[in-house]
Amino acid sequence: TPSKEGKMFIKALFDYDPNEDKAIPCKEAGLSFKKGDILQIMSQDDATWWQATHEGDANPRAGLIPSRHFQERRLALRRPEILVQPLKVSNRKSYAEYAGSHSGTYIAGFRRSFRLSRKDKKTNKSMYECKKSDQYDTADVPTYEEVTPYRRQTNEKYRLVVLVGPVGVGLNELKRKLLISDTQHYGVTVPHTTRARRSQESDGVEYIFISKHLFETDVQNNKFIEYGEYKNNYYGTSIDSVRSVLAKNKVCLLDVQPHTVKHLRTLEFKPYVIFIKPPSIERLRETRKNAKIISSRDDQGAAKPFTEDDFQEMIKSAQIMESQYGHLFDKIIVNDDLTVAFNELKTTFDKLETETHWVPVSWLH
Ligand code: 5GP
């Protein structure tokens, strides 16, 4: 389905260098691109090699790129071990695992996993099989996504802003700074809990207090984006809590585990995903010298000084997130200096609300 004026645009979800591609018929004819680049498709006549240009290029030169089908197939063949390995998230364990196994089925249905399974009798080449499974989170083979320009109309709801990043990167500080910078404009969701209300708390402010039975029913009915258990009580973020922030005509700031992002990518929310990335380990040591870390959501209140292990964990976790979910990120902000990162975030928001952005075509139907 070609988009505007019969033109078709795709977002590349992987890096491509024709010089390193043994399969391309002619390296000089290839078009190199990076993850996130927008390409215009000029021809899909050949099943293996499409022709494309870089969108917005002043002197566009059409070049060959691998077709979706070809790229999917060879990626699945080349890296079966990656495709069947579930992501290990070391922090926020309980709710990452809960959300991973439950929320995954509510919109996405089954996840696929590929594995090398049998040899084709005629050619003696290995074939791959697509197997239904809800155990694996990494089976999607990111190649291309068809996109179209989108600009928010002034009477339209704001897009949901999803913030992801490793524990300790400063995501909560950035969120807090945004909220206090303009309380009318930014909002966050109110979580549900089954624990008893404390005397100073009021229903609907700190939490929405519900019974265990109702919580379990809501989980069954896929009402939660994520949930977890803490000290024998359930806590979770509902889809409706996001809706109620958006209905107040506010920008909803949501931080979640990256594996929940793909379930939020709907026409209704049109999420804009920002990855908060740590700087180099040297800069972490310099800038976080006197800072404290709450090492996971489960040790609330127990802030401790950063250790060398925390820095290494943060960098490792960021690398895993970026390699597995990088194709879902619309923007990457390195949190080296908090003020600089905050200003970059502000600029990103201003642009998001006024400028044209590329979104999946499926959101505009
Ligand atoms: P408290 O009961 O002291 O208000 O919160 C204790 C813990 O509840 C937090 O440290 C965190 O582990 C958990 N919690 C609070 N809100 C949420 C939420 O929205 N989702 C999940 N999964 N856990 C939450």
Side-chain angles (χ1 to χ4, degrees), residues 86-100 137 161-181 186 188-189 191 206 225-231 235-237 252-261 264 271-326 328-346 348-349:
L87 170 70
K88 287 206 190 76
V89 188
S90 51
N91 283 306
R92 300 192 189 179
K93 226 176 261 140
S94 63
Y95 84 86
E97 280 161 12
Y98 271 108
D137 197 31
V161 174
V162 178
L163 299 165
V164 297
V167 171
V169 76
L171 208 146
N172 283 318
E173 286 91 323
L174 286 168
K175 204 166 85 171
R176 206 164 26 236
K177 268 172 95 75
L178 271 172
L179 280 170
I180 55 177
S181 76
Y186 299 104
V188 286
T189 54
E206 289 85 2
I225 291 162
E226 63 81 29
Y227 73 94
E229 211 177 333
Y230 178 76
K231 293 192 179 165
Y235 294 81
T237 311
C252 181
L253 308 173
L254 183 73
D255 63 293
V256 288
Q257 291 288 324
H259 64 81
T260 60
V261 169
L264 293 166
Y272 185 82
V273 183
I274 306 177
F275 179 56
I276 309 294
K277 185 176 170 163
S280 68
I281 193 130
E282 293 78 19
R283 286 296 294 163
L284 278 179
R285 289 184 194 122
E286 280 171 46
T287 54
R288 271 72 166 176
K289 244 195 324 236
N290 304 311
K292 290 194 168 158
I293 181 175
I294 297 172
S295 57
S296 83
R297 271 186 103 142
D298 294 345
D299 329 323
Q300 211 192 31
K304 303 179 193 95
F306 279 93
T307 64
E308 184 62 23
D309 277 356
D310 291 330
F311 295 148
Q312 287 181 7
E313 182 63 41
M314 202 196 302
I315 292 201
K316 200 175 81 195
S317 165
Q319 279 165 353
I320 295 173
M321 285 183 181
E322 208 174 342
S323 73
Q324 294 203 356
Y325 299 100
L328 299 173
F329 303 160
D330 292 290
K331 177 87 187 168
I332 297 178
I333 292 180
V334 177
N335 189 13
D336 180 336
D337 178 87
L338 190 66
T339 312
V340 175
F342 175 71
N343 288 332
E344 201 181 337
L345 206 52
K346 271 282 208 197
T348 304
F349 278 91

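For the numbers below, each heavy atom of this structure counts, side chains included, while hydrogens, waters and symmetry mates do not.
Between I315 and F311 the shortest side-chain heavy-atom distance does not fall below 4.5 Å. A heavy-atom distance below 4.5 Å is found between the side chains of T348 and Y272. Using a 4.5 Å heavy-atom cutoff, the side chains of E308 and I281 are in contact. Contact of the V256 side chain with the T237 side chain is not registered, since no non-hydrogen atoms from C-beta on lie closer than 4.5 Å.
Considering CD of Q257 and CD of E226, their distance stands at 8.5 Å, rounded to 0.5 Å. Atom CG of residue D336 and atom CG of residue L284 lie 8.5 Å apart, to the nearest 0.5 angstrom. Atom CG of D255 and atom CG of N172 lie 5.5 Å apart (nearest 0.5 Å). Atom CG of L345 is separated from atom CD1 of I274 by 5.0 Å, given to the nearest 0.5 angstrom.
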>> Pair F349, L178 - check side chain to side chain contact (heavy atoms under 4.5 Å, CB included), show working.
In response: CA-CA 10 Å; F349 278 91; L178 271 172; 3.6 Å; yes
> Is there a side chain to side chain contact (heavy atoms under 4.5 Å, CB included) between D310 and K304 once you walk through the steps?
Replying inline: CA-CA 10 Å; D310 291 330; K304 303 179 193 95; over 6 Å; no
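When the options L253, L254, I225 are evaluated for a side chain to side chain contact (heavy atoms under 4.5 Å, CB included) with T189, the one that passes is L254.
Using modelled atom types, one side-chain atom of N335 and one backbone atom of V169 make a donor-acceptor pair closer than 3.5 Å. Using a distance-only test at 3.5 Å, with no hydrogens or angles considered, no donor-acceptor pair links the side chain of R283 to the main chain of R288.
Closest non-hydrogen pair, A303 versus I294, comes out as CB-CG1, 3.9 Å. Here the closest heavy-atom approach between residue M314 and residue P278 is recorded as SD-CB, 3.7 Å. Nearest heavy-atom pair across S181 and Y186 is OG-CE1, 3.9 Å. Among all heavy-atom pairs drawn from P258 and M321, the shortest one is CG-CG, 3.8 Å.
In this pair, Y230 and Y235 present their aromatic rings perpendicular. The plane angle is above 60°, beyond the 30 to 60° band. Ring-plane geometry between F329 and F275 is classed as parallel, the angle between the planes falling under 30 degrees on a 0 to 90 degree scale with a further cut at 60.
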Please output the side-chain donor-acceptor pairs of residues 337-344 that fall under 3.5 Å, not counting sequence neighbours, one pair per line with the distance.
residue	atom	partner	partner atom	Å
D337	OD2	T339	N	3.1
D337	OD2	V340	N	3.0
N343	ND2	T339	O	3.3

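Around atom NZ of K346, more than 12 heavy atoms belonging to other residues, nucleotides or ligands sit under 6.0 Å away.
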